[in-house]
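What you see is a predicted model; the values in this text were computed from it and never measured.
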Amino acid sequence: MAGLELLSDQGYRVDGRRAGELRKIQARMGVFAQADGSAYIEQGNTKALAVVYGPHEIRGSRARALPDRALVNCQYSSATFSTGERKRRRHGDRKSCEMGLQLRQTFEAAILTQLHPRSQIDIYVQVLQADGGTYAACVNAATLAVLDAGIPMRDFVCACSAGFVDGTALADLSHVEEAAGGPQLALALLPASGQIALLEMDARLHEDHLERVLEAAAQAARDVHTLLDRVVRQHVREASILLGD
Amino acid sequence: MAMEMRLPVARKPLSERLGRDTKKHLVVPGDTITTDTGFMRGHGTYMGEEKLIASVAGSVERVNKLICVKALKTRYIGEVGDIVVGRITEVQQKRWKVETNSRLDSVLLLSSMNLPGGELRRRSAEDELAMRDFLQEGDLISAEVQAVFSDGAVSLHTRSLKYGKTRPWQDVDLSCPARTRHGFAPSSTHLLTYPEAHISQLGQGVLVQVSPSLVKRQKTHFHDLPCGASVILGNNGFIWIYPTPEHKEEEAGGFIANLEPVSLADREVISRLRNCIISLVTQRMMLYDTSILYCYEASLPHQIKDILKPEIMEEIVMETRQRLLEQEG
């Protein structure tokens with residue numbers, strides 16, 4: 001795509017955002033009555049749905065049970081209509097497995113698994129529309145779903161992606177920006193303590209720039225936290241009012 | 001065939017319409033509840049760097065020096081004396097594993113199952129072998145919580161329940177060779193009395209699964225509603241609605257009665273009750289016999305299938321709420 005300017009001279013990106021600006025986020029908790037916890041999030045045009053079951057008895061092989069903590073099982077799936085070209089993905093393909101593993105690492109760091117020994121927590125995430133930042137949207141949706149299920153967590157887990165173009169760090173990349181081939185970083189953060197749950201990048205970036213990109217991603221994740229915090233408080237407040245005192 | 005279509009419509013959240021606010025202290029995970037170290041920490045909190053931090057999203061409850069955060073909904077946490085409705089998932093050596101919407105499956109020991117006739121004797125090897133004849137995987141039972149293990153798993157028993165009381169199996173013919181799925185082999189006499197173990201096994205009815213936090217704790221959880229159905233409000237959130245049996249004495253031995261087709265009028269009552277319970281739960285109202293009954297009465301002008309439509313659901317529950325407030329105040 002020659003001639004496509006990811007960052008114009010005035011500092012505007014392809015969709016009109018500034019370098020550090022996030023896309024519009026809308027989220028809702030408790031979308032499924034039959035699951036223990038569920039949530040839906042829209043980050044710009046990226047839409048993800050997360051469902052949580054648990055903690056419950058380990059199904060299948062009893063040998064997998066951990067005697068001192070809960071087993072976290074994450075599965076990621078992408079709808080056939082989520083990308084521009086309709087693509088049917090097999091269930092156990094590499095990208096799904098990798099995403100599932102990354103989500104599992106992220107949530108094992110945040111969920112207080114010692115409180116639920118010998119049980120299992122299932123987190124299922126599905127991407128309905130992929131427009132860049134799918135890992136971030138999955139993590140944010142899963143956080144809300146885990147909160148909806150009442151599973152104790154250390155803190156929110158907020159994630160955002162970041163890139164680097166023309167000496168400027170961009171936050172919350174869309175599909176166009178990701179496809180342009182520059183370095184992209186995905187960061188999952190526990191905002192209150194500033195601890196990093198997962199940091200992933202598979203591109204080449206000069207060491208001098210890493211600090212800036214990391215800072216842009218961290219700031220974006222904190223902004224996401226502000227939004228998610230508001231959503232959760234609203235949800236809790238409404239439920240509390242309905243339940244009465 | 002008529003088909004109904006609805007378009008999305010922006011609706012005001014119900015809490016606004018109620019027009020009141022909550023006085024509780026609401027927290028989300030990561031929030032600092034207090035920096036005072038004099039407090040003991042309860043459920044839903046953890047200690048981090050000299051501060052007490054919330055780990056679930058809910059309301060803070062303080063009892064003297066104990067602070068805990070009550071989450072909006074959790075899995076069932078067993079307490080001794082609760083009535084639960086559960087489904088058998090496994091038949092193990094001397095016990096059954098029962099799924100009760102809790103963190104770990106509950107346990108029903110063979111020794112906790114009633115032996116009718118008031119027999120108090122050790123369970124023999126034959127009893128163990130015949131376990132599957134009494135309760136198989138997939139059966140629904142009602143039981144009471146006897147004990148809670150240290151890891152949170154719950155042990156159930158079916159003694160001293162209305163359904164577990166020993167009643168003599170009157171018309172039994174020892175020489176009868178009949179063997180049905182619930183039947184018994186007349187090879188040894190004491191097996192004969194086991195069919196009564198089925199007393200706690202539930203017959204025909206409808207199961208509704210709700211959040212355990214919405215079931216109000218009451219003195220009794222077995223209710224015979226005047227509209228013509230009975231309901232068991234399990235503390236674990238499983239609610240069983242079934243037609244009121246006509247003759248109470250026959251219930252104990254009434255396997256045949258259990259499988260008789262239920263009349264249309266009874267089915268309609270049960271369906272309506274089920275929809276009412278779902279609408280109460282969607283609007284987050286506590287479930288107990290009075291609220292279910294008022295909701296049922298408020299729903300009578302509507303058709304059963306209309307009760308689940310959002311506008312009608314709100315209307316019915318609003319009316320129920322008002323009636324309950326009037327009754328209290």
Enquirer: For B:Leu26, which atoms come within 4.5 Å of any heavy atom of chain A: side chain, backbone, both, or neither?
Expert: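 B:Leu26 touches chain A through backbone and side-chain heavy atoms alike.
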
Enquirer: Could you pull out the closest heavy-atom pair between B:Leu104 and A:Ser119, with the gap in Å?
Expert: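 Nearest pair, atom of B:Leu104 first, then A:Ser119: CD2-CB, 4.0 Å.
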
Enquirer: How many angstroms lie between OG in A:Ser240 and NZ in B:Lys70, if you round to the nearest 0.5 Å?
Expert: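 One gets 9.0 Å once the value is rounded to the nearest 0.5 Å.
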
Enquirer: Starting from the C-alpha separation in whole Å, work towards a yes-or-no answer on side chain to side chain contact (heavy atoms under 4.5 Å, CB included) for A:Leu147 and B:Val28.
Expert: CA-CA 9 Å; A:Leu147 281 181; B:Val28 298; 5.7 Å; no

Enquirer: Taking every non-hydrogen pair under 4.5 Å, which of A:Gln120, A:His116, A:His235 racks up the most with chain B?
Expert: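 When all of A:Gln120, A:His116, A:His235 are compared, A:His116 has the most.
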
Enquirer: Could you grab the distance from atom CD of A:Gln114 to atom OH of B:Tyr46, nearest 0.5 Å is fine?
Expert: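 Those atoms lie 12.0 Å apart.
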
Enquirer: Tell me which of these, A:Gly150, A:Ala192, A:Pro55, has more heavy-atom pairs under 4.5 Å with chain B than the rest.
Expert: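 Heavy-atom pairs under 4.5 Å are most numerous for A:Pro55.
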
Enquirer: For B:Leu214, which atoms come within 4.5 Å of any heavy atom of chain A: side chain, backbone, both, or neither?
Expert: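 The side chain, not the backbone.
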
Enquirer: Given a strict heavy-atom distance threshold of 4.5 Å, which part of B:Arg75 is in contact with chain A: side chain, backbone, both, or neither?
Expert: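 For B:Arg75, side-chain heavy atoms alone lie under 4.5 Å from chain A.
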
Enquirer: If you count the non-hydrogen atoms of other residues, nucleotides and ligands that lie under 6.0 Å from CD in B:Glu49, is the total more than 12?
Expert: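 Open.
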
Enquirer: In terms of heavy-atom pairs under 4.5 Å, which option from B:Met285, B:Arg321, B:His43, B:Lys97 contacts chain A the most?
Expert: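 Counting heavy-atom pairs under 4.5 Å, the top option is B:Arg321.
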
Enquirer: Please classify the contact between A:Ile151 and chain B as side chain, backbone, both or neither, with a heavy-atom cut-off of under 4.5 Å.
Expert: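 When you check distances to chain B, only backbone atoms of A:Ile151 fall under 4.5 Å.
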
Enquirer: Might you confirm whether atom NZ of B:Lys216 has over 12 heavy atoms from other residues, nucleotides or ligands at distances under 6.0 Å?
Expert: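 For B:Lys216, atom NZ is not crowded (no more than 12 foreign heavy atoms under 6.0 Å).
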
Enquirer: Determine whether more than 12 heavy atoms belonging to other residues, nucleotides or ligands lie under 6.0 Å from atom CZ of B:Arg62.
Expert: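 No, because the 6.0 Å sphere around CZ of B:Arg62 holds 12 heavy atoms or fewer from other groups.
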
Enquirer: Above 12 or not: heavy atoms from other molecules or residues under 6.0 Å from CZ of B:Arg323?
Expert: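 Yes.
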
Enquirer: Please walk me through it: do A:Val236 and B:Leu72 pass side chain to side chain contact (heavy atoms under 4.5 Å, CB included)?
Expert: CA-CA 7 Å; A:Val236 172; B:Leu72 279 185; 4.2 Å; yes

Enquirer: Drop me the distance from A:His56's NE2 to B:Ser102's OG, to the nearest 0.5 angstrom.
Expert: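 Here the rounded value is 11.5 Å.
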
Enquirer: Which one of B:Ala153, B:Gly152, B:Gly30 has the most heavy-atom pairs closer than 4.5 Å to chain A?
Expert: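 So the answer, after comparing B:Ala153, B:Gly152, B:Gly30, is B:Gly30.
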
Enquirer: Look at A:Arg59 together with B:Glu99 and state whether they make a salt bridge at an N to O cut-off of under 4.0 Å.
Expert: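 A salt bridge is absent here (no side-chain N lies under 4.0 Å from a carboxylate O).
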
Enquirer: Can you tell which part of A:Ile111 gets under 4.5 Å to a heavy atom of chain B, answering side chain, backbone, both or neither?
Expert: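 Contact with chain B is absent: no heavy atom of A:Ile111 under 4.5 Å.
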
Enquirer: If you count heavy atoms of other groups shown closer than 6.0 angstrom to CZ of A:Arg104, is the number above 12?
Expert: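 No, the 6.0 Å shell around CZ holds no more than 12 heavy atoms from other groups.
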
Enquirer: With chain A as the partner, which of B:Ala57, B:Pro29, B:Gly48 has the greatest number of non-hydrogen pairs under 4.5 Å?
Expert: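 If we count pairs closer than 4.5 Å to chain A, B:Pro29 comes out on top.
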
Enquirer: Is a salt bridge present between B:Lys73 and A:Asp148, judged by a nitrogen-to-oxygen distance below 4.0 Å?
Expert: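 Yes, charged N to carboxylate O under 4.0 Å.
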
Enquirer: Between A:Arg118 and B:Asp105, does any side-chain N to carboxylate O distance fall below 4.0 Å?
Expert: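 The answer is no: the pair does not qualify as a salt bridge.
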
Enquirer: Rounded to the nearest 0.5 Å, what separates atom NZ in B:Lys24 from atom CD1 in A:Ile241?
Expert: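 So the NZ of B:Lys24 and the CD1 of A:Ile241 are separated by 10.5 Å.
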
Enquirer: Kindly compute the distance separating CZ (A:Arg237) from OG (B:Ser59), expressed to the nearest 0.5 Å.
Expert: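 It is 14.0 Å, given to the nearest 0.5 Å.
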
Enquirer: At a heavy-atom distance under 4.5 Å, which candidate from B:Val27, B:Val281, B:Asp31 has the highest pair count against chain A?
Expert: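 Highest number of pairs under 4.5 Å: B:Asp31.
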
Enquirer: Let me know if B:Thr45 has heavy atoms under 4.5 Å from chain A in its side chain, its backbone, both or neither.
Expert: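 Contact with chain A is absent: no heavy atom of B:Thr45 under 4.5 Å.
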
Enquirer: Counting only non-hydrogen atoms closer than 4.5 Å, does A:Ala149 touch chain B with its backbone (N, CA, C, O), its side chain (CB onward), both, or neither?
Expert: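 The backbone, not the side chain.
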
Enquirer: Is chain A contacted by the side chain of B:Ala54, its backbone, both, or neither, given a heavy-atom distance below 4.5 Å?
Expert: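 Contact with chain A is through the backbone of B:Ala54 alone.
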
Enquirer: Mark yes when over 12 heavy atoms from residues, nucleotides or ligands other than B:Asn64 sit less than 6.0 Å from its CG; otherwise mark no.
Expert: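 No.
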
Enquirer: Roughly how far, to the nearest 0.5 Å, is CG of A:Asp155 from CD1 of B:Ile53?
Expert: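 Spacing of CD1 (B:Ile53) from CG (A:Asp155) equals 8.0 Å.
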
Enquirer: With a 4.5 angstrom heavy-atom cut-off, which part of A:Leu242 approaches chain B: side chain, backbone, both or neither?
Expert: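 Backbone plus side chain of A:Leu242, per the 4.5 Å heavy-atom cut-off to chain B.
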
